[in-house]
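Labels below follow one simple rule: chain letters A, B, ... track the order of the sequence lines, proteins then strands, and each chain is numbered from 1.
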Number of protein chains: 2
Amino acid sequence: MRAKILLVEDDASLIELVTYNLEKEGFDVVRTGDGEEALTLAEEEKPDLVILDWMIANLSGIEVCRRLRRAPATANLPIVMLTARGDEADRIRGLETGADDYMTKPFSPRELVARIRAVLRRLRPALQGGALEFAGIAMDTTAHRVTRDGRTVQLGPTEFRLLRHFLEHPGRVFSREQLLDAVWGRDVYVEQRTVDVHIRRLRKAVNAGPNGEELPDLIRTVRSAGYSLDAVPAMQAA
Amino acid sequence: MRAKILLVEDDASLIELVTYNLEKEGFDVVRTGDGEEALTLAEEEKPDLVILDWMIANLSGIEVCRRLRRAPATANLPIVMLTARGDEADRIRGLETGADDYMTKPFSPRELVARIRAVLRRLRPALQGGALEFAGIAMDTTAHRVTRDGRTVQLGPTEFRLLRHFLEHPGRVFSREQLLDAVWGRDVYVEQRTVDVHIRRLRKAVNAGPNGEELPDLIRTVRSAGYSLDAVPAMQAA
DNA sequence: CGGTTTCGTGACGCTTTTGTTACAGCGCCT
DNA sequence: AGGCGCTGTAACAAAAGCGTCACGAAACCG
């Protein structure tokens with residue numbers, strides 16, 4: 001999942017510099033140089049993090065920070081202040097107003113990215129390790145939650161591990177033996193056909209549509225080889 | 001609740017300076033100048049945050065940071081690096097190794113405190129004396145009061161700590177072992193099934209409605225994984 | 001086109017995991 | 001001392017998930 005960042009800054013050359021570096025690192029960037037608009041965008045764009053300059057039009061960065069914290073919808077939004085005001089008093093004021101980090105200009109773009117990552121690592125764990133996603137199937141391993149096109153999918157422990165294994169290696173074909181090793185454990189010994197049954201259960205759960213509908217099957221059977229999770233639904237014979 | 005901070009630093013005058021400022025601000029301080037000992041203390045003292053110097057005896061600060069992150073018991077422990085190594089490359093390395101913030105010497109003690117507060121505010125909300133709230137459950141950690149949709153909920157000490165832990169990490173699944181570590185303490189050893197009983201007591205108290213009614217259960221059981229506090233009540237099959 | 005192999009599917013005991021209740025011990029307060 | 005609230009453990013009940021089998025369908029092969 002890509003993280004979206006709201007950049008609130010009015011210096012054109014800085015906007016370009018920061019945007020370039022963030023996009024290079026895989027972030028989506030939304031920009032504004034206006035304090036009032038920043039508040040609106042923070043609600044509407046639902047960014048994962050805000051970078052705030054102090055001196056901007058209409059509302060100071062510190063005031064934007066305060067209002068973001070006060071509004072329930074954005075009270076939890078990660079904020080990094082990035083400003084020329086580098087006095088001790090300013091830094092402390094920024095942090096105490098609710099900023100999660102505070103950097104002063106001039107700054108290193110790479111350090112900015114590192115600090116953003118550090119903040120997101122704590123506050124949006126789903127963006128880091130815990131999230132797997134492929135072909136409309138999303139898995140949050142820390143919350144133990146799976147969704148298909150937004151609808152939550154109910155899985156038993158074994159199906160969960162099985163799906164995770166597929167999501168970790170999308171497109172790759174695994175033999176029943178490999179799956180038993182990876183999902184059940186190297187020492188456990190069960191019939192290979194057991195895999196079939198769990199594939200069946202996994203398919204049933206993942207392909208269940210809104211009501212009684214069937215969604216396209218993303219688990220491909222490779223005859224005499226095994227199974228794989230695949231973005232392209234199997235072809236149809238009319 | 002007072003927060004406990006582990007200060008890993010070997011310069012005597014700095015130790016004094018930092019300790020003085022932290023204690024003045026209401027933190028408990030545990031100190032060591034030794035990298036190996038830092039790891040031990042991080043486990044045994046259960047600090048709420050670690051301040052790490054880079055140049056210390058036995059293990060470098062960066063290595064201590066890496067090992068703390070790797071050990072499950074301390075993987076989540078907030079870390080602030082405080083060091084003379086201020087190159088861009090060092091800062092980035094520190095942050096990418098898992099530090100939550102990175103300050104360089106010389107530094108302002110008041111800024112250090114502000115940054116520590118900023119980190120703790122996010123990672124240990126309960127320490128700020130503030131209110132925790134999630135999905136209609138509100139907890140005032142200082143007054144030791146809990147309400148569900150406005151009605152006050154009566155909890156025993158253990159259930160209170162258990163709920164607080166869930167509120168601090170909403171949505172996340174914890175194994176019984178993790179809960180015992182976090183809520184009972186790392187050194188206490190009780191049966192894992194004890195957790196089940198307290199979950200039961202917590203559910204009973206939190207889900208008690210106006211008269212004899214049952215409110216939707218917000219504590220989700222994740223079979224063979226643990227429990228989590230969750231906004232979405234489990235779905236029903238008719 | 002039969003024969004053969006491989007896979008899909010539903011049913012069914014069995015085991016594991018969790019829910020629930022009861023109880024005995026402990027510390028604390030009056 | 002007695003009562004009271006809280007805790008951890010055990011024991012039993014309920015639920016959920018698991019692995020295997022049997023049979024039919026589909027794919028493959030000559």
Side-chain angles (χ1 to χ4, degrees), chain A residues 144 146 153-165 173-181 183-185 187-208 214 216-230 233-238, chain B residues 144 146 153-164 173-181 183-185 187-208 214 216-230 233-237:
Chain A
H144 261 256
V146 177
V153 172
Q154 208 67 0
L155 295 179
T158 305
E159 286 102 48
F160 186 88
R161 292 197 305 273
L162 185 57
L163 178 58
R164 179 170 62 193
H165 188 253
V173 178
F174 294 98
S175 69
R176 292 172 176 73
E177 190 178 356
Q178 288 175 309
L179 289 173
L180 285 176
D181 273 5
V183 177
W184 274 257
D187 40 329
V188 183
Y189 90 119
V190 294
E191 289 293 324
Q192 295 210 344
R193 290 302 307 278
T194 301
V195 175
D196 297 26
V197 178
H198 281 276
I199 289 281
R200 149 85 174 142
R201 289 168 180 159
L202 179 56
R203 275 177 170 149
K204 194 171 190 175
V206 169
N207 298 335
E214 278 283 303
D217 187 7
L218 299 178
I219 299 176
R220 181 171 48 122
T221 302
V222 181
R223 194 178 173 84
S224 74
Y227 299 94
S228 81
L229 178 64
D230 212 316
M235 57 183 94
Q236 306 289 348
Chain B
H144 263 248
V146 177
V153 172
Q154 205 65 2
L155 294 179
T158 304
E159 285 85 42
F160 185 87
R161 291 197 307 273
L162 185 55
L163 179 58
R164 183 177 64 200
V173 176
F174 294 97
S175 68
R176 292 172 176 73
E177 191 178 356
Q178 289 176 310
L179 289 173
L180 286 176
D181 274 3
V183 177
W184 275 256
D187 39 327
V188 183
Y189 92 124
V190 295
E191 290 294 324
Q192 296 209 345
R193 289 303 307 280
T194 301
V195 175
D196 297 26
V197 178
H198 282 275
I199 288 281
R200 148 94 172 135
R201 289 168 180 160
L202 179 57
R203 275 179 170 146
K204 195 171 191 174
V206 169
N207 298 336
E214 277 283 302
D217 188 7
L218 299 178
I219 298 177
R220 176 174 55 126
T221 302
V222 181
R223 189 160 244 258
S224 77
Y227 299 95
S228 82
L229 177 64
D230 213 316
M235 60 179 89
Q236 306 289 348

Task: Side chains of Val188(B) and Leu180(B) in contact at under 4.5 Å (non-hydrogen atoms) - done: no
- [ ] Mind listing the residues from residues 188-195 of chain B sitting with a heavy atom below 4.0 Å of DNA chain D? Number order is fine.
- [x] Val190(B), Glu191(B), Thr194(B)
Task: Closest heavy-atom pair and its distance - Asn207(A), Leu218(A) - done: OD1-N, 4.2 Å
TODO: Kindly give the heavy-atom pair with the smallest separation between Ile219(A) and Arg203(A), and that separation in Å.
DONE: O-NH2, 3.0 Å
TODO: Give the C-alpha distance, both sets of side-chain angles, the deciding distance and a yes or no for side chain to side chain contact (heavy atoms under 4.5 Å, CB included) between Glu177(A) and Val195(A).
DONE: CA-CA 9 Å; Glu177(A) 190 178 356; Val195(A) 175; over 6 Å; no
Task: Outermost DNA chain D nucleotides near chain A [under 4.0 Å, heavy atoms] - done: dG17(D) to dC28(D)
Open item on the list: Assuming nearest nucleotide by heavy-atom distance, tell me which of Thr221(A) and Val222(B) is located more 5' along DNA chain C.
Closed with: Thr221(A)
Task: Which nucleotide in dC23(C), dT20(C), dG19(C) has an atom nearest any side-chain atom of Arg201(B) - done: dC23(C)
Open item on the list: Under the side chain to side chain contact (heavy atoms under 4.5 Å, CB included) test against Phe174(A), which residue among Leu179(A), Leu162(A), Val222(A) passes?
Closed with: Leu179(A)
Task: Value in whole Å for how far the P atom of dG19(C) lies from CD1 of Ile219(B) - done: 10 Å
Open item on the list: Does the plane of the ring in His198(A) sit parallel, tilted or perpendicular to the ring in Trp184(A)? Use 30° and 60° as the thresholds.
Closed with: perpendicular
- [ ] State whether the number of non-hydrogen atoms from other residues, nucleotides or ligands found under 6.0 Å of Gln192(B) atom CD is greater than 12.
- [x] yes
Task: Residues forming a side chain to side chain contact (heavy atoms under 4.5 Å, CB included) with Ala208(A), sequence neighbours excluded - done: none
Task: Arg176(A) side chain near dC7(C) phosphate (N/O to OP1/OP2, under 4.0 Å) - done: yes
- [ ] Using a 4.0 Å heavy-atom cut-off across all strands, classify Tyr227(B) as base, sugar-phosphate, or nothing.
- [x] sugar-phosphate
- [ ] Rounded to the nearest angstrom, tell me the gap between atom CZ in Arg223(A) and atom C1' in dT5(C).
- [x] 6 Å
Task: Length of the line joining His198(A):NE2 and dC7(C):P, which is rounded to integer Å - done: 17 Å
Task: Interatomic distance, Leu202(B) CG vs dT20(C) P [rounded to whole Å] - done: 13 Å
TODO: Select from Val197(B) and Ser224(B) the residue whose nearest nucleotide in DNA chain C is closer to the 5' end of that strand.
DONE: Ser224(B)
Open item on the list: Just so I know, are the side chains of Tyr227(B) and Arg220(B) near enough to count as touching, which here means a heavy-atom distance under 4.5 Å?
Closed with: no
